[in-house]
Amino acid sequence: MQFGIFSVGDVTTDPTTDTTPSEAQRIRSMTRYALKAEEVGLDVFATGEHHNPPFVPSSPTTHLAYLAAQTNRLTFSTATTLITTNDPVKIAEDYSFLQHLSGGRIDLTMGRGNTGPVYPWFGQDIRNGIPLAIENYHLLRRLWREPVVNWSGKFRTPLNNFTLAPAPLDGVPPFVWQGSIRSTEIAEQAAYYGDGFFHNNIFWNIEHTAAMVGLYRRRFEHYGHGTADQAIVGLGGQFFAADTEAEAKRIFRPYFDDAPVYGHGPSLEDFSRATPLTVGTTEQIIERYLGYADDVGDFQRLMFIVDHAGLPESIVLEQIEILGREIVPVLRAEFERRRPAHVPSDPPTHASLVAEGPDSPHRKVINAVVPEAQDEAAGSGASRTSR
Amino acid sequence: MSRRLVVVTAGLSNPSTTSLVGERLADAVSTQVAGRGENVDVEYIELRELAVGLAHALTTGGLPDPALDEVKRRISSADGMIAVTPVFNASYSGLFKTFFDVLDQDALVGMPVLIAATAGTPRHSLVLDYALRPLFAYMRATVLPTGVFAATEDFGSADGADLEQRINRAAAEMATALVSTRTGVEGLLQEHLDQDGASGRSRDGVGLQPPVNDFAALLHGHDGS
């Protein structure tokens, strides 16, 4: 199982000192958090992508390349890559290049992200959010899998005899997660292609998370990628740890109360009951997150947000240290203990996908097995394309 | 078959004039439904009890609230609704509007709704027609023709008899709507589907959106060929 941290890269005033980091300071801090993640034995660092203040990460591949150059082991991902407003050709090029630079340590999480005003800055319209996510991602798959692409879609200029450079490292496209909180279309999309499904549940109750993951798992099996419990699931998390619950709450509460997203709303206690937020001892945090496997099944990646709401760099580094040294080793052992042998521990990696060989379903643009009943209805029993 | 009627009231206190009007309307509906040989179960929803949860729903981008979710399910599965608000500064109260703001846009589709309002003066009586009726029309509810407006002077004066008459007329309309049933031969009666594929049924918006069962249909026209 993989554990990591993700940042949305918000520049937020520390409510306890009324100081605001500069964008330069915020970018440097994010870099330190990623390096700390590798140092303390975490597996993944993911950066958000935003194109409006108060967020800094507008150029994820620039940052991830810089981080890859200073690390050896860490996997890098995104939280999320905007499949709606980025040109799929540029995503294909940037992440292909990054995969070469990093030696195969890149995967991506696709999201629609964004608010209405952001779309037109990139020539798009939020009302096309789902069709953009569907069309752009299909083009991305083709760009990474077909040596010569001819394309005519609804949202970008046609491509004639386009060849991606550089081609994906070892001919293997990066593994992709589809991120969605509420859109059942995206869970369906992840299931169709056999991609991972990342439910960023940090503001959601476990019942909703379990329902979305359950839907993805059933459809993953329906499309012939394996059994439902073998589907590749990632979840989000949020914690603040100290020696006692009282101490953790004392330090974190002022940040919580003033946080841009949930501040001035529910109490810390109510929010903690309703969402994965756990503020307390490492034992409490471990117990809470172990329980999630009972609700959504054994999953493959758990990503914590640790650096939002104006928390200062020193506190964030300390929390990453506690996560890596005290929380994750126990979670790793316990999740491993409960996992059945036929369920993968980790999501696919570049190495594992290379090992699957050239005929791997991952290397096909469409790899869903159309179930028998639908075959007959469509009168095309020969449309099975892979395992 | 017993019908379910929900009474949503936005009174400030308990008891309140607004709840009282809601109860009188519900009692009248029960009597009228009984007169048609059917039963109705009445459930009361006092919005003041949900006020804090409603405020959080507005400020947290939809963080689920179990109490609110339960009320959403009860409303959308009901056969009819009576909605009563006090009039504040020339319109429905903010609490009343907030509640209908957090419901799914399709929460009341096709549902018979009896609108009612209370105020200190009869000069507000058109609030039913310029504020409440458009709100429920937008939500594609079936707003009954008679709305009931009760001003302070309707209670304990000779005009009280007029109020009683209005209540009975509105209750008769609701009772007729409640006992009428969908008719049509299975398979022949096409359910109307709108552009989004939504049927003419109310949807509580709790839990998952309807799942998509055919990705190929989503991908159609978007695969670049």
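Lettering follows sequence order; numbering is per chain, from 1.
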Heavy atoms only, distances under 4.5 angstrom: which of A:Y193, A:Y262, A:F271 has the most pairs with chain B? Name it, please.
-> A:Y193
Has B:Q105 got more than 12 heavy atoms of other residues, nucleotides or ligands less than 6.0 Å from its CD?
-> no
Residues in residues 128-144 of chain A near chain B [non-hydrogen atoms, under 4.5 Å] | A:P131, A:I134, A:E135, A:H138, A:R142
Measure distances from A:Y216 to the heavy atoms of chain B and classify the residue's part below 4.5 Å as side chain, backbone, both or neither.
-> neither
Verify the neighbour count for atom OH of B:Y44: are there more than 12 heavy atoms of other residues, nucleotides or ligands below 6.0 Å?
-> yes
For the residue pair B:H222 and A:F155, does the interplanar ring angle fall in the parallel (under 30°), tilted (30 to 60°) or perpendicular (over 60°) class?
-> parallel
Among A:A211, A:G153, A:G263, which has the most heavy-atom pairs under 4.5 Å with chain B?
-> A:A211
Donor-acceptor under 3.5 Å (A:Y192 side chain, B:L219 main chain) | no
Just wondering, do A:H208 and B:L208 contact through their side chains at under 4.5 Å, heavy atoms?
-> yes
Report, as yes or no, whether the 6.0 Å neighbourhood of atom CG on B:N89 holds more than 12 heavy atoms from other residues, nucleotides or ligands.
-> no
